[in-house]
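Letters A, B, ... are given to chains in the order of the sequence lines, protein chains preceding strands, and every chain is numbered from 1. What you see below is based on every heavy atom in this structure, not just the backbone, and it leaves out hydrogens, waters and symmetry mates. Owing to the predicted nature of the structure, the values given are computational and were not obtained by experimental measurement.
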Amino acid sequence: MTDLRAILSGPTLDAGRELLGARIVRDDADGVRVARIVEVEAYIGEDDQASHARFGRTPRNTVMYGPPGLAYVYLVYGMHDCLNIVTEPAGRPAALLVRAVEPLDGLDAMRDARARRARDRRRSPADAAAQPGPTRRAVIPDSRLGSGPGLVCVILDLDRSLTGSDLLDPAGSVRLEPRPPAEPAPAVIASPRVGIGYAGEPWTTQPWRLSIRDHPSVSRPRPPSG
DNA sequence: GAACCGATTTCCT
DNA sequence: GGAAATCGGTTCT
């Protein structure tokens, strides 16, 4: 089945498994960029103490209560945008955080976007005060360009203004497309979510991080290869 | 390759 | 007011 709307309206963990291997297509002035989803995390309901919905509906998280297939992009640690895909029927707050992608097409635009980000960072006063030093940075392999939730948004130029747009709209500039039928379903690893120590048990140990087994584009910390 | 650190601003019982 | 669904650089093993 490739009806993504139906898949996203179902249980979030099932939807997460279906999204592994799906494509994010970014279609804008910089051309067409395509990336394959290799890692997601599920945030399910108001009971989930790791979810932004844990305090109930707020101005920021309202879109999580909307229909499946909408984008929810939020800012974390004051600097990184993170892309979520809303799941489950309207009224039930749930979403899948896209933690890592494998670049498939438009890699030059992706590298440009990362270089732009690095330049902007260097403009900050604190960095200007620091000695630039002649340190040469290692070249980032293609497979690692989108290996983290913040990096996914950097290489695809996504930000909070995208929140509320429908990722299944064929005319949208950011689109979600199903895994091609010819491509075999990937082996999935389920492991605990990252960076949610504040949530307490059982939430910190729920295996709601889903990733393609042993895929080089998966973010750190690397899940067990099972 | 792991472990530590600083950046930066939005969000909310 | 305090913490946050992270990243990149540095420093160590």
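- Between A:Tyr74 and C:dA4 there is no side-chain N or O to OP1 or OP2 distance below 4.0 Å.
- The nearest whole Å value for the distance from the CD atom in A:Gln206 to the C1' atom in C:dA5 is 16 Å.
- With respect to the salt-bridge test (charged N to carboxylate O, under 4.0 angstrom), the residues A:Arg114 and A:Asp112 do not qualify.
- Picking from B:dT13, C:dA5, C:dC7 the nucleotide with the shortest atom distance to the side chain of A:Thr58 gives B:dT13.
- Look at A:Arg114 and you'll find a side-chain N or O under 4.0 angstrom from OP1 or OP2 of C:dG8.
- In this structure, CE of A:Met64 is placed 15 Å from P of B:dC11, rounded to the nearest angstrom.
- Counting only heavy atoms from C-beta outward, the side chains of A:Arg160 and A:Leu75 approach each other to under 4.5 Å.
- Side-chain atoms of A:Arg99 and A:Val152, non-hydrogen and from C-beta on, never get closer than 4.5 Å to each other.
- Of the listed nucleotides (C:dA5, B:dT10, C:dT6), B:dT10 has the atom at the smallest distance from the side chain of A:Leu75.
- Between A:His52 and A:Tyr74, the gap from one ring centroid to the other is short of 6.0 Å.
- Taking atom CZ on A:Arg99 and atom P on C:dC7, their separation rounds to 7 Å, with Å as the unit.
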| Can you give the dot-bracket line for DNA chain B, where a pair is Watson-Crick or G-U wobble with both atom distances under 3.5 Å, crossing pairs use [ ], and | marks a partner on another strand? | |||||||.||||.

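- A heavy-atom distance below 4.5 Å is found between the side chains of A:Asp157 and A:Arg33.
- Nearest nucleotide to the A:Arg60 side chain, out of C:dG8, B:dC12, C:dA5: B:dC12.
- For the ring-ring contact (aromatic ring centres under 6.0 Å, His included) condition, no pair includes a residue of residues 171-214 of chain A, sequence neighbours left out.
- Both the sub-6.0 Å distance and the 45° axial angle are satisfied by A:Arg193 relative to the ring of A:Tyr43.
- As judged by a 4.0 angstrom heavy-atom cut-off over every strand, A:Arg160 is placed among residues touching the sugar-phosphate backbone only.
- Taking atom CZ of A:Arg220 as the reference point, atom P of C:dA5 lies 22 Å away to the nearest angstrom.
- What separates CZ of A:Arg57 from P of B:dC11 is a distance of 17 Å, to the nearest Å.
- Taking every side-chain heavy atom of A:Met79 into account, B:dT8 is the closest of B:dT8, B:dC12, C:dA5.
- The side chain of A:Val194 lies closest to C:dT6 when the candidates are C:dA5, B:dC11, C:dT6.
- A:Arg54 places its CZ atom 14 Å from the P atom of B:dC11, with the value rounded to the nearest Å.
- For the pair A:Arg209 and A:Val218, the minimum side-chain heavy-atom distance is below 4.5 Å.
- The NE2-C1' distance, from A:His80 to C:dA5, rounds to 12 Å in whole Å.
- Hydrophobic clustering, with ILVMFWY side chains joined whenever heavy atoms are under 4.5 angstrom apart, groups A:Ile24 together with A:Leu19.
- Using a cutoff of 4.0 Å between basic side-chain nitrogens and carboxylate oxygens, A:Asp105 and A:Arg36 are not scored as salt-bridged.
- With respect to A:Glu39 and A:Arg222, no salt bridge is recorded, no charged nitrogen being found less than 4.0 Å from a carboxylate O.
- At C:dT6, one or more side-chain N or O atoms of A:Tyr77 fall inside 4.0 Å of OP1 or OP2 (strictly under the cut-off).
- Atom CG in A:Leu151 sits about 14 Å away from atom C1' in C:dA5, given to the nearest Å.
- Residue A:Arg193 is classed as having no contact, given no heavy-atom separation below 4.0 Å to the nucleic acid.
- The base of C:dA5 sits with one of its N or O atoms less than 3.5 Å from a complementary donor or acceptor on the side chain of A:His52.
- Side chain of A:Phe55, nearest nucleotide from C:dG8, B:dT8, B:dT13: B:dT13.
- Interface residues of residues 40-49 of chain A facing DNA chain C, ordered by number: A:Tyr43; criterion, heavy-atom separation under 4.0 Å.
- Remark on DNA chain B: of its neighbouring residues A:Gly56 and A:Gly78, the 5'-side contact belongs to A:Gly78, judged by nearest-heavy-atom nucleotide.
- Proximity of A:Arg222 to the phosphate of B:dG1: no side-chain N or O atom is located under 4.0 Å from OP1 or OP2.
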